[in-house]
There are 2 protein chains.
Amino acid sequence: MQDLHTAQTAQDDIERSIVAGILSARIKPGTRLSENQLATVFGVSRTRVREAMMRLETRAIVHVSPRRGWFVAEPSAGEAMTVYAARRVIESGLLRSMSELTDAGREKLHAHLAEEKEAIAAGDKQRLTCLMGDFHIRLAELSGNGVLIDILRDLTARTILISLLYQSDFHAMQSHLGHCTIVAALETGDFARAAELSIAHLEEVEEGLDLTSRRDPLSDLRTSLSLPPAAAQSTEAAVPSRRNNRKRRTA
Amino acid sequence: MQDLHTAQTAQDDIERSIVAGILSARIKPGTRLSENQLATVFGVSRTRVREAMMRLETRAIVHVSPRRGWFVAEPSAGEAMTVYAARRVIESGLLRSMSELTDAGREKLHAHLAEEKEAIAAGDKQRLTCLMGDFHIRLAELSGNGVLIDILRDLTARTILISLLYQSDFHAMQSHLGHCTIVAALETGDFARAAELSIAHLEEVEEGLDLTSRRDPLSDLRTSLSLPPAAAQSTEAAVPSRRNNRKRRTA
DNA sequence: TATGTAAATCTTGCATACCAGACAGGAGAG
DNA sequence: CTCTCCTGTCTGGTATGCAAGATTTACATA
C-alpha cells in the first residue's frame, strides 16, 4: 500500500492501482485493504473505495469478509486448478484461432522474451513473476480482441496470486523456455502446435505448484520475523502495526 | 421491470434479477434502469442498487451515461463481433479440451435439445432466444469449470442483447440444427470436430445478424405503438412515462 | 500462570442528505 | 410562427452519519 498513491486518482484509479499492484506482484494475496486507508490515500470518501472494491470483487480479485474487511483474494487449491484449466481452454483456443502473426506482434513477443531473459539474468524474482504473467497477456493482445484481453488479464492476476501462494520453487528458466517454444511455433505459422504447447506449458506451471499443502497462515509473520518454521525471536521490523499480526481466516 | 420484484431481495438479488431478465430476453437492450425505481421496487436504498449496477457494469451488461442514467447495454457492431469472436475461441477451446461426455451430461444436452424443439414447435420466440443462449451455458457446464461458466454466462447475456439489437430474422431451426450436430459430435467422442462445429455454428449465427445498419433508435417506440415503420397512432400502453420517450444516446 | 469475561475499538453495511449536471417545457423576443 | 433562453425537475455523483458486528485487549479470577 506504500507506493500506489502515485497517480492523481481520477475516476477508477483505485481499481487500476490495485490490479496493477497485483499484476506486478507488489501486493500479496490476503493483504488487507482497508476502506478508510484507501480512502485517505486516494483522497476520496469511502463510497468510491467501496465501489472499486465491489467491482474488483466481481472480478474475483478481492473478497470481503462481512464486517471484517476487504482482502486481496487467496484462491484455494480448487480455484487454482479451475483457473489454470480455464486458461488452458482460452489460451489454446486463442492461439489455434489465429491465422497469422503480424510483424508488429512478432516484434512485441520478441521484446517481451528479451525482457524475460534480462530479468532472469538479473535474478529479479518479483519482476519475473510479473513478466511471466505478462507474456500471456501479450498473447491475448495478438488477437486484438478486447474481451479476451480483459478476461485473460483478470485470470492472469488471479494466477499471480496463486503463484505467490503455492509456488514452492520458481522455475523461471523453464517457463521462459516454454514461452520461447510457443513463440517459435507461432513464427512458423503452426498455430495448432502453439496451442498444444500452451496447454503443455500451463500444465507444467501448474505442476510446479504445491497445491496439496495449505499455506501456513502464519508464514508471512514468520518470514517477517525471519525464522524458518518454528522457535521464537524478538525483533520485528517489517511489521508496522500490531494489526498485521492477525490470523487470517480462509473462510 | 414489472415482474422482477418477486424475490425477497436478499443480498445481491438486484444483480441476479437483472441478469435473469436479460438471459430470458424479458429486458431489452437500452432499457433504462433508474436507481430510484429499482430502490423502491427492491425495498432498499439507492446505495445498494448502485453497487449492483457497478458490478453489472464491470460485466459489461449495463452502462452508465453520466448524470443521465443507467441503461442495459446496447453493444455496438464492433463489440458484437468481438463478443462472437471471443465465444468462438472459448467454446471451441472448451469442447476440444473435453475428454469424455458423461451420461449426466448427455442427458442434460438431450433434455435441452428437446426443449428447443418444443419451443420451435410452439413458436415461442422469446423462449427460443433464451434457450439458444442457454445451450451454450449447458456446454460450459459440461466442463464443470466454474470460471468458464461464469465467463460464458456473461458473454451469453451480451449475445442475447446483441441478438435483440441486430437479429433481423430469427433462424431458430438453423441454430437448433447446429446445436444438434455439436451434440452428435460430442456423442461420438469427436471433440475436435465438435469444436470446429461450434466455430461454424457461431459464425453462422453471427452472419445472421445485420451488423451493418445501425438499429433504428425509434424502433422500440414504434413497436410499442404497434406500427411497422411509419405513421402515427394514439394509444400507448407499454410506455409508462414520458421519460421513456427520450431519445437515447449511444455515446 | 492460565483462563474466562467484558469493554473498548476497530471494521464494514446501509441509508440519507446534499450537490451538480441534463433534459423538458414554457415564456419571451424576433 | 419560429427560435432562443430560462427555469423547474429529474437524474446520478459523492460524502457523511449512524448502527451492527467482529476482534482485540485489559482485567479479574481461579
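Values below: all heavy atoms of this structure, side chains included; hydrogens, waters and symmetry mates excluded. Below, read A as the first sequence line, B as the second, and so on, with proteins coming before strands; counting in each chain starts at 1.
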Margin query: Nearest heavy atom decides the nucleotide; on that basis, is A:P66 or B:V64 closer to the 5' end of DNA chain D?
Written below: B:V64

Notebook entry, point to check: Between B:E51 (CD) and C:dA15 (P), how many Å, whole number?
Noted result: 9 Å

Margin query: Pair A:H63, A:E57 - check side-chain hydrogen bond (donor to acceptor under 3.5 Å, both in side chains), show working.
Written below: CA-CA 5 Å; A:H63 82 108; A:E57 192 184 29; over 6 Å; no

Item checked: Partners meeting side chain to side chain donor-acceptor pair (under 3.5 Å) with A:T156 (sequence neighbours left out) -> none

Note to self: Any non-hydrogen side-chain atom of B:V89 less than 4.5 Å from a side-chain atom of A:N145?
What the structure shows: no

Notebook entry, point to check: Tell me: CZ of B:F42 to P of C:dC14, nearest whole Å?
Noted result: 15 Å

Checklist line | Atom-pair distance (CD on B:E35; P on C:dC14), nearest Å | finding: 16 Å

Note to self: Closer than 4.0 angstrom, basic N to acidic O: yes or no for B:D134 and B:R138?
What the structure shows: yes

Dump the pairs, protein N or O against N or O of nucleotides 18-20 of chain D, anything under 3.5 Å, distances to one decimal.
residue : atom : partner : partner atom : Å
D:dA20  : N3   : A:R67   : NH1          : 3.2

Notebook entry, point to check: Taking only residues two or more places apart in sequence or in another chain, which ones pass side-chain contact (heavy atoms from CB on, under 4.5 Å) with B:V205?
Noted result: B:Y84, B:S175, B:H201

Item checked: Whole-Å gap separating P (D:dG12) and CZ (A:R48) -> 17 Å

Check: D:dT11 P sits how many Å from B:R32 CZ, rounded?
Finding: 6 Å

Check: Is any side-chain nitrogen or oxygen of B:T47 closer than 4.0 Å to OP1 or OP2 of C:dC14?
Finding: no

Item checked: Side-chain ion pair, A:E51 and A:R48, N-O less than 4.0 Å -> no

Checklist line | Per A:S34 side chain, nearest of listed nucleotides D:dA22, C:dT11, C:dC23 | finding: C:dT11

Margin query: Measuring to OP1 and OP2 of C:dC10, would you say a side-chain N or O of A:N36 lies under 4.0 angstrom away?
Written below: no

